[in-house]
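I have placed the structure first, in the form of structure tokens, so that the comments after it can refer back to it.
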There are 2 protein chains.
Amino acid sequence: MDVLVPSPSQAPSQPRSALQAQAAGLLPAQAPELLQASPNGLRASLHDRGQRLTPQRQRVLGLFEGLGEGRHLSAEEVHQRLLGAQARVSLATVYRTLRLLSSMGLLQELELPEGGRRFELAGDAHRDHHHLVCVRCGRTEEFENPAILAAGEAAASGHGFRLVECVLNVRALCPGCVAAERA
Amino acid sequence: MDVLVPSPSQAPSQPRSALQAQAAGLLPAQAPELLQASPNGLRASLHDRGQRLTPQRQRVLGLFEGLGEGRHLSAEEVHQRLLGAQARVSLATVYRTLRLLSSMGLLQELELPEGGRRFELAGDAHRDHHHLVCVRCGRTEEFENPAILAAGEAAASGHGFRLVECVLNVRALCPGCVAAERA
DNA sequence: ATTCATGCAAATTTTTTGCATGTTC
DNA sequence: GAACATGCAAAAAATTTGCATGAAT
């Protein structure tokens with residue numbers, strides 16, 4: 001019963017709705033020793049901890065993989081999307097899976113003021129994408145800066161930790177809101 | 001029906017229970033133009049937006065100020081602590097206040113894997129304290145690095161934003177967990 | 001005085017759990 | 001075949017809201 005494919009019985013020939021497709025396209029070799037979010041990585045990770053590889057777990061993680069890194073989902077959204085994708089996963093299981101995958105470091109919980117916990121893929125350890133968020137209107141920009149990654153690595157190794165990922169959260173006022181504040 | 005509580009001006013002459021005291025002691029001059037979390041800053045901020053300065057709001061913010069920057073609280077905890085500090089603030093009001101102060105940028109929400117939303121003071125714009133968190137056991141270390149602040153400022157101004165605060169979140173495996181993973 | 005915030009309790013929403021059953025190892 | 005994950009529905013949290021009253025400007 002080895003399972004290397006998306007799922008045993010559920011979505012064998014469907015168009016994959018661009019989700020899986022995109023996921024596949026987005027996973028070129030990156031940081032070999034830290035690439036752990038691929039199906040294989042999932043298998044390995046689960047197995048290492050004596051956890052089982054179920055279609056539900058694969059679907060949840062697959063969903064995040066198909067999302068691109070910028071996006072995040074709440075438990076409810078994960079549930080809805082899976083339903084829409086013909087993948088029946090109970091909300092309770094979504095919660096259980098989200099917790100499991102987070103505790104394994106495959107997903108990470110985010111800090112957004114949107115209400116409800118949100119999760120995103122935590123795979124690309126050495127990718128450097130950071131967030132610039134307007135504290136007033138919520139407008140969000142992404143940016144990169146190698147210096148940040150370097151700082152994260154320095155901090156990690158300085159404390160004897162092994163880096164998994166680092167994200168800089170910059171809270172600021174966007175131009176529009178600066179003006180508004182002033183008024 | 002009148003409320004059963006003491007009354008109008010709740011804690012006028014009480015000992016301030018170390019919270020307020022500590023808060024006061026912890027607010028030396030820092031970044032003059034951005035120091036907005038002090039009582040004065042609160043007054044100004046509230047006033048600017050046509051919001052009222054109520055004892056409840058002051059207490060909630062005061063509580064965070066007395067905490068030091070490293071710590072964060074959930075709504076429930078805020079409520080409990082205020083009760084313990086002889087400051088009666090209903091849970092509903094705690095929630096409303098937390099939301100208000102967050103939307104004003106005085107507090108910020110963070111989402112740690114601990115369950116429940118948590119908030120922390122978001123005042124010291126130019127302070128640079130960042131987090132190194134073990135994704136497996138939750139162990140947390142704090143560290144500083146001016147380069148990070150610089151990167152945040154660069155990103156902000158590069159997009160025309162005005163920096164409020166930036167925090168680097170480094171997710172990693174602590175030494176103990178690296179060993180455990182290996183096992 | 002007027003307008004808005006608070007407290008209370010009820011309504012909602014979010015997250016967790018118990019158990020019987022279906023799956024993974 | 002044994003151990004464990006899932007689904008369902010109920011339970012427990014967490015968060016929001018309606019309203020009458022109290023307080024801030």
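Below, chains carry the letters A, B, ... as their sequence lines are ordered, and counting in each starts from 1. Side-chain atoms are counted along with the backbone in the values below, which use heavy atoms only and exclude waters and symmetry mates.
- Residues meeting the side-chain contact (heavy atoms from CB on, under 4.5 Å) test with A:Thr140, sequence neighbours left out: A:His131, A:Val133.
- Checked against side-chain hydrogen bond (donor to acceptor under 3.5 Å, both in side chains), B:Ser90 has the following partners two or more places apart in sequence or in another chain: B:Thr93.
- Within the helix from C:dA1-D:dT25 to C:dC25-D:dG1, the inter-axis angle between the opening and closing five-pair segments is 60°, rounded to 10°.
- Under a hydrophobic-cluster definition in which Ile, Leu, Val, Met, Phe, Trp and Tyr are linked whenever side-chain heavy atoms come within less than 4.5 Å, directly or via other members, A:Leu121 and A:Leu82 are assigned to the same cluster.
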Could you go through nucleotides 6-10 of chain D and list every protein N or O atom that sits under 3.5 Å from one of its N or O atoms, giving the distance for each pair?
residue: D:dT6; atom: OP1; partner: A:Thr54; partner atom: OG1; Å: 3.1
residue: D:dT6; atom: O3'; partner: A:Gln56; partner atom: NE2; Å: 2.8
residue: D:dG7; atom: OP1; partner: A:Gln56; partner atom: NE2; Å: 3.2
residue: D:dG7; atom: OP1; partner: A:Arg88; partner atom: O; Å: 3.0
residue: D:dG7; atom: OP2; partner: A:Ser90; partner atom: N; Å: 3.0
residue: D:dG7; atom: OP2; partner: A:Ser90; partner atom: OG; Å: 3.2
residue: D:dG7; atom: OP2; partner: A:Thr93; partner atom: OG1; Å: 2.8
residue: D:dG7; atom: N7; partner: A:Arg96; partner atom: NH2; Å: 2.7

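- Judged by distance alone, the side chain of A:Ser102 and the main-chain N or O of A:Arg99 form no donor-acceptor pair under 3.5 Å.
- Applying the salt bridge (charged side-chain N to carboxylate O under 4.0 Å, His left out) criterion to A:Arg139, with sequence neighbours excluded, gives A:Glu141.
- Partners of B:Glu76 according to the side-chain contact (heavy atoms from CB on, under 4.5 Å) rule, which considers only residues two or more places apart in sequence or in another chain, are B:Ser74, B:His79, B:Gln80, B:Leu91.
- Residues meeting the side-chain contact (heavy atoms from CB on, under 4.5 Å) test with B:Ala155, sequence neighbours left out: A:Phe143.
- For B:Tyr95, no side-chain nitrogen or oxygen approaches OP1 or OP2 of D:dT16 to under 4.0 Å.
- In this entry the distance linking CD of B:Gln51 with C1' of D:dA24 reads 12 Å, nearest Å.
- For B:Arg52, the side-chain contact (heavy atoms from CB on, under 4.5 Å) partners two or more places apart in sequence, or in a different chain, are B:Thr54, B:Arg57.
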